[in-house]
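Please read the structure below before turning to the comments.
The figures here come from the full heavy-atom set of this structure, side chains too, leaving out hydrogens, waters and symmetry mates. Worth saying up front: this structure is predicted, and the values here are computed from it rather than measured. Chain letters run A, B, ... following the sequence lines, proteins first and then strands; every chain starts at 1.
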Amino acid sequence: MSAMSVKNALEDIFQKFLEKQSLFKNREALSHEYLPDSFPHRDEQIKFIAEVMAPALRGFKPSNLFIYGKTGTGKTAVVRYVLSILKEMAGNLFSSLKTFYINCRLVGSEYRVYFTMCSNLGFRVPFTGLSIGELFERFCRYLDESRALFIIVLDEIDALVKDSGDEILYNLTRINEILKYSKVSLIGISNNLKFKELLEPKVLSSLSEEEIVFRPYNASELKDILWQRAKLAFYDGVVDEGTINLCSALAASEHGDARRALDLLRVAGELAEREGSDKIYERHVREAERRIEYDRVMEVMKNLPLHSKLIMCSLYFLEQSSLEYSITGDIYDVYNHLCSLLSTFPLTQRRVSGLINELDSLGLLNARVTSFGRYGRSKKIKLAVEPDLVYEVFSRDSRLKSILNLRLEEICGSPKKRRDRTG
DNA sequence: CGTCCACAGGAATGACGGGCGG
DNA sequence: CCGCCCGTCATTCCTGTGGACG
């Protein structure tokens, strides 16, 4: 193709884009960060949280609050909304009310939580190097110097506790005993209920002086939410009843995740727009569903460390055999062979077992412990994604593409005798 | 009913790179 | 520069275990 015709083609694309009426009036209204000014079906929760937090307006410390509910049930949005109004009103009064919002999954460790809060206060601390005790003392000092009422929101708090323990919560719940001029109140947000079992009773009772549950939305509630946003996001006539119904139904079947529903609608809108359609049809929603999953898996797999990739590869090979599922030992065998093909030192089985669990929680494979009686106890493992996807991602990896076209027998030498596991 | 497989998964420990304060 | 502590990843050693088989 000559340079000229490339240019023409591009101009054509841009021209068509300009001529086309966009379907979106305001794309932002469907994004995760968008804070609407009303929350359908969350009146009760809003009222409750507001009542718990209200004492802050008079400078009293609100009770600690513990919130749980699955992803996409509006916990984060509602809390942020209530706090933003609260701060607004506090600003009109005397009071120095400050809030921290920490997403524990992103922040990750006790140290980094304190670090983040210190930074938000405008104090510079080394981002590593201090002992936690030292950092905590400084943090307390800064809080006291600020002479304010602090509300600390710890979102996805279960992630923090799961790999850092509940020490940080213990410290934060008794921080008021240390502070002279400031007060701290905590809001913990958790995705799963079982989180409570990980806490010591003392911490738990202190953290959840008040407690509230966000139930998943059902399909009809999701519909209301989607309509609210769709009217903001799209021009009239772009979405119809059928589109909204389908999005809500799909999201409702996955534990009523509103975020999911909004994603579906947004991506479906983008697909429809790109196609030049004047409205969103069912096929766009269906395609959006595939697309979202595809993107997610691609993104996660692409960024996997080498050995996790090798584990995925091993499973990919094993699934080409007639076995109904694989177990840890199978994977470790193949994995070992792959390592020697790539002249890499294999990790221990203990570590591989751990990595398999991590891949499971990433949703790339399904692993569940099963007893085979006389034949031991292991994990039944299956791919949770399309094998073609595995192939596609790894064929772009310079280290892996050389082995990806091998067959199982070529890797393990003679086909290993395998116990019958069908049925 | 006990045995024993093939691991699970906890705990302790270590290597390593980063970054402090002195 | 040193000594210390951090988080992360990995190893080593370990005890625990559901249930088919004998």
When you measure from the side-chain N and O atoms of [X] to the phosphate of [N], is any distance below 4.0 Å, counting only OP1 and OP2?
{"X": "A:Thr328", "N": "B:dC7", "value": "no"}
{"X": "A:Lys379", "N": "B:dA6", "value": "no"}
{"X": "A:Ser353", "N": "B:dA8", "value": "yes"}

Interatomic distance, [X] [atom1] vs [N] [atom2] [rounded to whole Å]:
{"X": "A:Arg374", "N": "B:dT3", "atom1": "CZ", "atom2": "P", "result": "12 Å"}
{"X": "A:Tyr332", "N": "C:dT11", "atom1": "OH", "atom2": "P", "result": "8 Å"}
{"X": "A:Leu347", "N": "C:dT8", "atom1": "CG", "atom2": "P", "result": "18 Å"}
{"X": "A:Phe115", "N": "B:dG18", "atom1": "CZ", "atom2": "P", "result": "17 Å"}
{"X": "A:Arg138", "N": "C:dC5", "atom1": "CZ", "atom2": "P", "result": "14 Å"}
{"X": "A:Tyr375", "N": "C:dG19", "atom1": "OH", "atom2": "P", "result": "16 Å"}
{"X": "A:Phe136", "N": "C:dC5", "atom1": "CZ", "atom2": "P", "result": "19 Å"}
{"X": "A:Ile381", "N": "B:dA8", "atom1": "CD1", "atom2": "P", "result": "7 Å"}

Exercise. Does A:Asn191 offer a backbone N or O that forms a donor-acceptor pair with the side chain of A:Lys75 under 3.5 Å?
Worked result: no

Name the closest nucleotide to the [X] side chain, picking from [options].
{"X": "A:Ile327", "options": "B:dC7, B:dG9, C:dC9", "result": "B:dC7"}
{"X": "A:Tyr111", "options": "B:dA8, C:dC6, C:dA10", "result": "C:dC6"}
{"X": "A:Gln349", "options": "C:dC9, B:dC7, C:dC13", "result": "B:dC7"}

Exercise. Is there side-chain contact between A:Met53 and A:Leu65, with at least one heavy-atom pair below 4.5 Å?
Worked result: yes

Exercise. Does a salt bridge link A:Glu282 with A:Arg286, judged by any charged N lying under 4.0 Å from a carboxylate O?
Worked result: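 A salt bridge links A:Glu282 with A:Arg286.
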
Exercise. Side-chain donor or acceptor of A:Arg112 under 3.5 Å from a matching atom on the base of C:dG7?
Worked result: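 Side chain to base: no pair below 3.5 Å.
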
For this session: Check whether the side chain of A:Arg377 and the base of B:dG9 form a donor-acceptor pair under 3.5 Å.
Result: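 Between B:dG9 and A:Arg377, which were checked side chain against base, a qualifying N/O pair under 3.5 Å is absent.
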
For this session: Please confirm whether A:Arg27 makes a cation-pi placement over A:Phe24, using NZ or CZ under 6.0 Å from the six-membered ring centre and within 45° of the ring normal.
Result: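 Ring-cation test returns yes.
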
Exercise. Would the A:Phe100 and A:Phe150 ring centres measure less than 6.0 Å apart?
Worked result: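 Distance test on ring centres: under 6.0 Å, yes.
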
